[in-house]
Amino acid sequence: MPTKKPTAPASAPIHDVVVIGSGPAGMSAALYAARANLDTKVVVGPQLGGQVSITYEIDNYLGLYEDLSGEQLTERMVAHVQKFGAELVYDEVTAVDFGGPVKVVKLYGGELRARAVVVSAGASATKLGVPGEDALGGRGVSYCATCDGAFFKGHDVLVVGGGDSAMEEALFLTRFARSVRIVHRRDAFRAGPQLQERVMANPKIGVLWNTVIESIEGDPEVERVRVRNVVTDETEVLDATGVFVFIGHYPNSNVFRGVLDMDEHGYLQIDDRMRTSVPGVFACGEIADPTWKQISTSVGQGAMAGMVVETYLGVLESMPEPA
Ligand code: NAP
């Protein structure tokens, strides 16, 4: 249930809603809130547009079937929310205080206060956790083919993972690399059949089944990778200058730990109206979605969050001021 309409000193602006995160979920929530004439701030976070901004090509978002990059979609999302008056704040959240009726979102460069908050901070790439991965990060180890692929023109690279991301990124890397070997821990991909077919038909791509990476080596950049076949237990050293890791994501929910209820993997727990465990705080997108993780599902969740915020603030508005 909403709490009573909050009051604060006149000098401290209290916005209607602060949206945390600027990916498809957050931008959709911001669009609905701003179109409802709510004073809406969007804390951009570390990456404007979130994960979609580094997606090479989008072809599964209904109606957008012609060449459209994640960067272009991000530009359109920004223009769209700004057209209706949402304001982007280029900063990151360092802490939150959701204890009172006025929610406080602390940033590196100050703080924002609001009557409602939408948490849509998304997810980040999971790491392998093998020796050499961190030390060679940005020196051949990458989690984004779109960002780094062009540096590997004529190189031999490895892609780790067996899901849609690994397939898409492997296909993208064939534009630059001499060879792309997919290292997968099982003997079957979990990716969709169409992507699998394209991968298997591509002459530049090979697959190392039942194989895991043991270590990544090189100085100062990646030169070789030690792999192990999990069936035979044999190890092998592969010459490769790039290792692109696509083994899933984890929710960016650390800053909300102890504040909002979450599951054992850190995904925020929400009900069917996007409500978190704290009244006035809503969540949408990958930070609260261990399953679907699509642009379309995030946009849908964001729209719901935006509409629910409108209703929530409308209810607050109709409450009498505290005596
Ligand atoms: P994912 O579907 O969770 O796949 C992760 C892959 O990494 C799996 O093959 C998994 O192996 C492997 N893996 C996990 N942990 C590992 C470890 N420690 N060491 C080695 N391998 C490991 O992740 P995703 O590919 O990023 O996709 C996430 C979601 O986004 C999915 O729902 C996907 O459909 C969606 N997505 C869709 C598209 C599209 O539709 N075009 C594109 C990208 C992503 P196992 O198979 O053995 O578990």
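Please read all numbers here as calculations on a predicted model, not as lab measurements. Both counts, for ligands and for their atoms, begin at 1 and track the order of listing.
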Subject >> salt_bridge(Lys106, Asp97) N-O dist < 4.0 Å >> reply: no
Original post:
Which residue and non-hydrogen atom of the protein lie closest to atom 6 (C) of ligand 1, and at what distance in Å?
Top reply: Gly162 N, 3.7 Å
Original post:
Tell me: protein heavy atom nearest atom 27 (O) of ligand 1, and distance?
Top reply: Ser165 OG, 3.7 Å
Original post:
Any ion pair linking Arg178 and Asp156 (charged N to carboxylate O, less than 4.0 Å)?
Top reply: yes
Subject >> Residues clustering with Phe189 (ILVMFWY side chains joined when closer than 4.5 Å, directly or via others) >> reply: Phe151, Phe152, Val157, Val159, Met167, Leu171, Leu173, Val180, Ile182, Leu195, Val199, Met200, Ile205, Val207, Trp209, Phe244, Phe246
Original post:
Relative to the heavy atoms of Asn60, which atoms of ligand 1 are at a distance of less than 4.0 Å?
Top reply: 39 (C), 40 (O), 41 (N)
Subject >> Salt-bridge present (Glu236, Arg226; N to O < 4.0 Å) >> reply: no
Original post:
Among protein heavy atoms, which sits nearest to atom 37 (C) of ligand 1, and what does the distance come to when rounded to 0.1 Å?
Top reply: Asp164 OD2, 3.5 Å
Subject >> Protein heavy atom at shortest distance from atom 19 (N) of ligand 1 >> reply: Leu128 CD2, 4.0 Å
**OP:** List the atom of Asp148, the atom of Ser142, and the distance in Å for their closest heavy-atom pair.
**Re:** OD2-OG, 2.6 Å
Original post:
side chain to side chain donor-acceptor pair (under 3.5 Å) between His249 and Gln51: does it pass, once the steps are laid out?
Top reply: CA-CA 10 Å; His249 294 85; Gln51 293 177 74; 2.9 Å; yes
**OP:** Could you name the option among Gln294, Arg190, Glu169 that has the heavy atom nearest to atom 4 (O) of ligand 1?
**Re:** Arg190
Original post:
Any idea which of Lys293, Arg185, Glu286 brings a heavy atom closest to atom 10 (C) of ligand 1?
Top reply: Arg185
Original post:
Do protein heavy atoms approach atom 39 (C) of ligand 1 to less than 4.0 Å?
Top reply: yes
**OP:** Measure from NZ or CZ of Arg275 to the centre of the six-membered ring of Phe282, then state whether that distance is under 6.0 Å and the direction lies within 45° of the axis.
**Re:** no
**OP:** Examine ligand 1 and decide if any of its atoms is less than 4.0 Å from a heavy atom belonging to Val212.
**Re:** no
Original post:
Relative to atom 41 (N) of ligand 1, which among Gln51, Met167, Lys127, Glu168 owns the nearest non-hydrogen atom?
Top reply: Glu168
Original post:
Which of the atoms of ligand 1 are close to Phe246, meaning less than 4.0 Å from one of its heavy atoms?
Top reply: 7 (O)
Subject >> Non-hydrogen atom of His249 closer than 4.0 Å to ligand 1 >> reply: yes
Original post:
Is the closest basic N to carboxylate O distance between Asp134 and Lys127 below 4.0 Å?
Top reply: yes
